Amino acid sequence: MNQVRDILITSALPYANGPIHIGHLVEYIQTDIWARFQKMRGHRCWYVCADDAHGTPIMLRARAEGISPESLIERVAAEHQADFAAFCIGFDQYHSTHSPENRHFAELIYTRNCDQGHVAQREIEQAYDPREQMFLPDRFIKGECPKCGAADQYGDNCEACGASYSPAELKNPRSAVSGAVPEMRRSEHYFFKLADFEGMLRDWTRGGGLQTQVANKLDEWFNAGLQEWDISRDAPYFGFEIPGAPGKFFYVWLDAPIGYMASFQHLCERTPGLEFDRYWGADSTAEVYHFIGKDIIYFHALFWPAMLHGAGFRTPSAIFAHGFLTVDGQKMSKSRGTFIRARTYLEHLNPEYLRYYFAAKLGAGVDDIDLSLEDFQAKVNADLVGKIVNIASRTASFIHKRFAGQLAANLPEPELFAEFVAAGETLAAAYDQREFARAMREIMALADRANQYIDEQAPWVMAKDPGREAELHGVCTQGLNLFRLLIGWLRPVLPATTAAAEDFLRIEPLTWQALSQPLLNHQVAKFKPLMTRIERSQIEAMLEASKADLTSPTAATTPDPDQNPAAPTLDPPLGATIDYDSFAQVDLRIARIVEASLVEGADKLLRLRLDLGGEERQVLAGIRSAYAPESLTGRLTVMVANLAPRTMRFGVSEGMVLAAGPGGQELFLLAPDSGATPGMKVK
RNA sequence: GGCUACGUAGCUCAGUUGGUUAGAGCGCGGCACUCAUAAUGCCGAUGUCGCUAGUUCGAAUCUAGCCGUAGCCA
């Protein structure tokens, strides 16, 4: 290593409406390992992050909790930072996008782009919730998929059939905020003219700062043609008002990446000698790297460099995208208990286990990585406890008992030590290229060599022969020196264990430089176990606790846009308590509406033909005021199947369908999640 | 639907520019050791490299199609 580099590193900003989970941690752990590595190499390296605190979901969540958005994001920020600290994520600065610095840079970048003519204005038509008096993002409109008819789908795409569409195409659209039927309204929006930057972006893309898969993806987007980007949102919106545009706010994705700069600015303000422009000026020679998930490549590899360029700032040196986390080969699942929050993990397991496991899985690519819980336990126990820590454990006791904690003056096998040191450069290259998995494999192969060495020498045999004192001393000194190299190389991954090892060895925090020289003639402390094994019961307990999190009432649960504003008291009030048997008498079944038709002579009723999966029923339902018959055909709902038939003027009604709401247009038919089939019992 | 990745031992993954009998760790079977948090060392078994066709003297590796998985479509 020759030259000291100036490096600024970021992780994507977590959204401030929910807790950190192990999926998030892939990125923070990956970034933190890289940042710690660069620091160990002696570079001037800064790692910053922040909470992403703006946008509609946060505004609505705060409202649902009956608090201000400011207090919501303050609370979540504290939770996030506690989780990160526990996982040893060593941010130099953790800030918020809802900060004066971020307002400053958002306005500056916008204004400069505006002045250069990169912002356009025009009216667009958008869904509007008349009850809440707000425009609705696509994700806040629900209805039936226009392609396959699946109920309860979001406004942008269908989870059942995968179709993409616009909210206007959705059948029976409803606001997820209030349940009202959205209407289309016009409003003036501001657009960032991305196409102005095509040439610059094509150059930047080819500049070597992108993984090949990502560059390929960008080519696709270039070929499709760069579209203007809608960067404004109408009030009410939690964010920054656009200068000179009352009632218009910056879209959350405009000021989110600017949060990297805001956070760094804050760091500069409290760090003597650290200059913002040295890192962000147009002619900066510093390196700026963004670690992100592959889902947000678009924002970071197109809009972000373009905005920066348009405002006279430098563009990032590189963007490092990673894949998603699966657990036991599948998407994280709440019902299986694999949707594991950082906090829940911490209550059962050592954070460094997960840091090591992720390191052992991560490469420089964008592939997804799998947390196989069985493999996790086996790998951590075998590699860290069985191989690495054991090397210290099996040699330290002799150093203590026989040599009063003093290391020998020479290494018996300096060539072996030199071989290890030489491997350190290969390892450094792997770390630098973010090939952590390769680095871990090589470190473990060296740990095998160290264990073989000790086995060959058999110090326990020497210990029985008084004439071999010096030999024994040498072998154990050699063993501890090999251990020091191994744990030193693992320092970016295992900062806490390494710190404990440094205490044991009585040495300064290790650097790559320091590792090249052996530790000799040196007094070490008494050895204490550095790491214990993972028991299966700990993992089981964590999974159980994660299942329990599902129903936990803590405020910072997973975002739920469907959640209605909490009412202080229920209206109408709750009915009298019943026991289970009373409830179980009601036989609720899933039913498919095969046909719905108007009932001649009745102004409130619809005649429904319901398929119960083998049996058909006719039900006369008083829902005509809220539903057009043709809109009901084919959809699934819930019916009371064992209600006594009732003869009405227009025929016999054999049961009833369930709907919520006071009546009139305010009636909302129940629908099961996709997967339910006619005849299934509801319980 | 379009596009992009991925598919190698029971599990988790390596396999560099196509080149002999395809590798590692865990797990499994056997042996040794007992310094160490039952940790360690040695030996061993295990694969139609997703399927099919092609290019080639030669394919896990290149090409096409198919199947499966994941993601993206602003």
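Just the heavy atoms: all of them, side chains too, but no hydrogens, waters or symmetry mates, feed the values below. Everything numeric in this text was worked out from a predicted model, so none of it was measured. Each chain gets a letter, A, B and so on, in the order its sequence line appears, and its residues count up from 1.
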Using atom types as modelled, flag every donor-acceptor pair under 3.5 Å from a side chain in residues 454-466 of chain A to any protein atom, sequence neighbours excluded.
unit_1, atom_1, unit_2, atom_2, d
A:Asp455, OD1, A:Arg394, NH2, 3.2
A:Asp465, OD1, A:Gly467, N, 3.0

[N] versus [M] - spacing of their [atom1] atoms, nearest Å:
N	M	atom1	result
B:C51	B:A59	C1'	16 Å
B:G41	B:G25	P	10 Å
B:G19	B:C62	P	11 Å
B:G15	B:G7	C1'	15 Å
B:G29	B:U17	P	39 Å
B:A70	B:G10	C1'	23 Å
B:G23	B:U69	C1'	25 Å
B:G65	B:C28	C1'	39 Å

Expected rows: protein N/O vs nucleotides 68-70 of chain B N/O, under 3.5 Å:
unit_1, atom_1, unit_2, atom_2, d
B:A70, O2', A:Asp368, OD2, 2.8

[X] [atom1] to [N] [atom2], straight-line distance once rounded to whole Å:
X	N	atom1	atom2	value
A:Ile534	B:A38	CD1	P	16 Å
A:Asn451	B:U40	CG	C1'	6 Å
A:Phe527	B:C35	CZ	P	16 Å
A:Glu535	B:A38	CD	P	11 Å
A:Leu371	B:C13	CG	P	10 Å
A:Leu472	B:A36	CG	P	12 Å

N/O-N/O pairs, protein side and nucleotides 2-6 of chain B side, under 3.5 Å:
unit_1, atom_1, unit_2, atom_2, d
B:C3, O2', A:Glu220, OE1, 2.8
B:C3, O2', A:Glu220, OE2, 2.1
B:A5, O2', A:Asp367, OD1, 3.4

- Quick check: are there more than 12 heavy atoms from other residues, nucleotides or ligands sitting under 6.0 Å from CD of A:Gln121? yes
Any chance the rings of [X] and [Y] have centres within less than 6.0 Å?
X	Y	result
A:His24	A:Phe87	no
A:Phe303	A:Phe192	no
A:Trp34	A:Phe320	yes
A:Phe240	A:Phe250	no

Please tell me which of the listed nucleotides, [options], lies nearest to the side chain of [X]?
X	options	result
A:Lys361	B:C72, B:G41, B:C13	B:C13
A:Tyr357	B:U12, B:C33, B:U37	B:U12
A:Ser393	B:U37, B:C72, B:A36	B:A36

Identify, with sequence neighbours excluded, every residue that meets side chain to side chain donor-acceptor pair (under 3.5 Å) alongside [X].
X	result
A:Asp295	none
A:His290	A:Thr10, A:Trp304
A:Arg355	A:Asp32
A:Asp255	A:His54

Give [X] one of three labels, base, sugar-phosphate or nothing, depending on what nucleic acid heavy atoms sit under 4.0 Å from its own.
X	result
A:Pro529	base
A:Met531	base
A:Gly225	base
A:Leu302	nothing
A:Asp370	sugar-phosphate

- Drop me the distance from A:Asn381's CG to A:Thr532's OG1, to the nearest 0.5 angstrom. 8.5 Å
Show me the side-chain donor-acceptor pairs of residues 497-505 of chain A shorter than 3.5 Å, one per line, residues at least two apart or across chains.
unit_1, atom_1, unit_2, atom_2, d
A:Thr497, OG1, A:Glu352, OE1, 2.3
A:Thr498, OG1, A:Leu494, O, 2.6
A:Glu502, OE2, A:Arg491, NE, 2.8
A:Glu502, OE2, A:Leu510, N, 2.9

- Message: By nearest heavy atom, map A:Lys528 and A:Arg438 onto RNA chain B; which one lands nearer the 5' end?
- Response: A:Arg438
- Item | Residue pairs fulfilling salt bridge (charged side-chain N to carboxylate O under 4.0 Å, His left out) with at least one residue in residues 473-486 of chain A, sequence neighbours excluded | none
- Message: Could you check whether A:Arg185 makes a cation-pi contact with A:Phe135, meaning its NZ or CZ is under 6.0 Å from the centre of the six-membered ring and within 45° of the ring axis?
- Response: no
- Task: Sort and list the pairs that fulfil ring pair (Phe, Tyr, Trp, His ring centres under 6.0 Å) and have at least one residue in residues 381-408 of chain A, not counting sequence neighbours.
- Result: A:Phe403-A:His473
- Message: For nucleotides 24-32 of chain B, give me one character per nucleotide, 5' to 3': B if any protein heavy atom sits under 4.0 Å from the base, S if the only such contacts are to the sugar-phosphate, - if neither.
- Response: -BS------
- Item | Each stem that RNA chain B is part of, given as range with range (3 or more consecutive Watson-Crick or G-U pairs, under 3.5 Å) | B:1-7 with B:67-73, B:10-13 with B:23-26, B:28-32 with B:40-44, B:50-54 with B:62-66
